[in-house]
Amino acid sequence: MKRRTLVIVVVVVAMLSVIVAVAASLLHDGLSARAKPTQIETVIARNARRLAIPANARLTQNPVLASVEDLRDARLHFADHCAICHDNDGSGETAIGSGLYPKPPDLRLPQTQNLTDGELFWIIENGVRFTGMPAFASGGEHGGTQDSWRLVHFIRHLPHLTDAERIEMERYNPKGPGDREEEQQESDFLKGATPRRKPESQDHHKE
Ligand code: HEC
């Protein structure tokens, strides 16, 4: 009887320690999104995500053949919908991407490239809960499953992206009023309309 009580106490203490360790791991840095997820969190999250993706979805083959045209469509689609967080080259080093928790991983590295086509497709279609990764399955201009499969081809291409491709993508990145004004000024300047002057507000950076 006494032994049984001891076993129960040991089990309860062990469970409480695990809960405290996980809570401490989750609550580090006062829940600031500027922090980097701990190793434990990353391992738990990636494994939980893997388990949550149904096995048959994981093994689905890409039904879309990657023609040159399809690859270009996917590239420009990525520039428009994904690069705001993932950057055109997939590094994830954008103002929004680096402010997220967890941050978007570098899509060129093995941890992403080793995911199956089916897993990449599932993530694009369904998003990842508790992260900034949105589900694109019914997302407005995102044109259905074909578009997601084309994006899978593009993600495979990311480690070999050329400078020319990246520069073309920049023209398709979403733009704010400041960028548009700058483009307009550049185009006016190239047409020889008015001499181009920098707005004075930029000068204080030089001081
Ligand atoms: C608002 C920001 C945001 C946008 C927009 C976004 N993503 Fe993500 N994405 C993320 C974050 C954050 C993660 C990391 C999720 C995680 O940790 O499981 C992620 C993860 C991924 C992954 C999994 C990579 C891996 O190794 O875990 C893929 C693939 C992906 N995104 C593709 C896309 C594609 C394709 C688009 C555009 C159609 C897109 N994302 C748009 C934020 C974004």
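Note that ligands are numbered from 1 as they come in the structure, with each ligand's atoms numbered from 1 the same way. Because the structure is a prediction, the values reported are computed rather than measured.
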For this session: Name the closest protein heavy atom to atom 14 (C) of ligand 1, giving the residue it belongs to and the distance to 0.1 Å.
Result: Pro105 CD, 3.7 Å

Exercise. Going by the order shown, which atoms of ligand 1 are within less than 4.0 Å of some heavy atom of Leu107?
Worked result: 24 (C)

For this session: Check the side chains of Asp70 and His153 for a donor-acceptor pair under 3.5 angstrom, ignoring hydrogens and angles.
Result: no

Seminar exercise, completed: So CG of Leu161 and CD of Glu168: to nearest 0.5 Å the spacing works out to 10.5 Å

Exercise. Is the closest side-chain donor-acceptor distance between Asn173 and Asp80 under 3.5 Å?
Worked result: no

For this session: Using a strict 4.0 Å threshold on nitrogen-to-oxygen distance, state whether Asp29 and Lys36 make a salt bridge.
Result: no

Exercise. Can you find an N/O atom of Thr112 closer than 3.5 Å to an N/O atom of ligand 1?
Worked result: yes

Side-chain atoms of residues 126-136: list all donor-acceptor pairs with protein atoms under 3.5 Å, sequence neighbours left out, distances to 0.1 Å.
| from | atom 1 | to | atom 2 | distance (Å) |
| --- | --- | --- | --- | --- |
| Asn126 | ND2 | Trp122 | O | 2.9 |
| Thr131 | OG1 | Val128 | O | 2.8 |
| Thr131 | OG1 | Met133 | N | 3.0 |

Exercise. Does the Arg46 side chain pair with the main chain of Gln111, one donor and one acceptor, at a distance under 3.5 Å?
Worked result: yes

Exercise. Any idea which protein heavy atom is nearest atom 18 (O) of ligand 1, and the distance to it?
Worked result: Arg49 NH1, 2.9 Å

Exercise. For Lys175, does its backbone N or O pair with a side-chain atom of Asp179 as donor and acceptor, under 3.5 Å?
Worked result: no

Exercise. Do the ring planes of His160 and His157 sit parallel (below 30°), tilted (30 to 60°) or perpendicular (above 60°)?
Worked result: tilted

Exercise. In terms of heavy-atom contacts, does CG of Leu109 have more than 12 from other residues, nucleotides or ligands at under 6.0 Å?
Worked result: yes

Problem set entry | Whether Ala45 lies under 4.0 Å from ligand 1, heavy atom | no

Exercise. Can you tell me if Arg46 has a non-hydrogen atom under 4.0 Å from ligand 1?
Worked result: yes

Exercise. At distances under 2.8 Å, what protein N, O or S atoms surround atom 8 (Fe) of ligand 1?
Worked result: His86 NE2, Met133 SD

Problem set entry | Identity and separation of the nearest protein heavy atom to atom 5 (C) of ligand 1 | His81 O, 3.5 Å

Exercise. Of all the non-hydrogen atoms in the protein, which one sits nearest to atom 12 (C) of ligand 1, and at what distance?
Worked result: Pro102 O, 3.3 Å

Problem set entry | Contacting atoms of ligand 1, where contact means under 4.0 angstrom from a heavy atom of Thr131 | 15 (C), 16 (C)

Problem set entry | Structural part of Leu151 in contact with ligand 1, heavy atom criterion under 4.0 angstrom | side chain

For this session: Can you see which heavy atom on Phe78 is nearest to which on His86, and at what distance?
Result: CZ-CB, 3.7 Å

Exercise. So, Glu119 side chain and Thr116 main chain: donor-acceptor pair closer than 3.5 Å or not?
Worked result: yes

For this session: Could you check which of Leu120, Thr94, Ile84, Asn114 puts a non-hydrogen atom nearest to atom 29 (C) of ligand 1?
Result: Leu120

Exercise. So, are Asp89 and Arg166 salt-bridged, with charged N and O less than 4.0 Å apart?
Worked result: no

Problem set entry | Ligand-residue contact atoms, ligand 1 with Ile155, heavy atoms, under 4.0 Å | 29 (C)

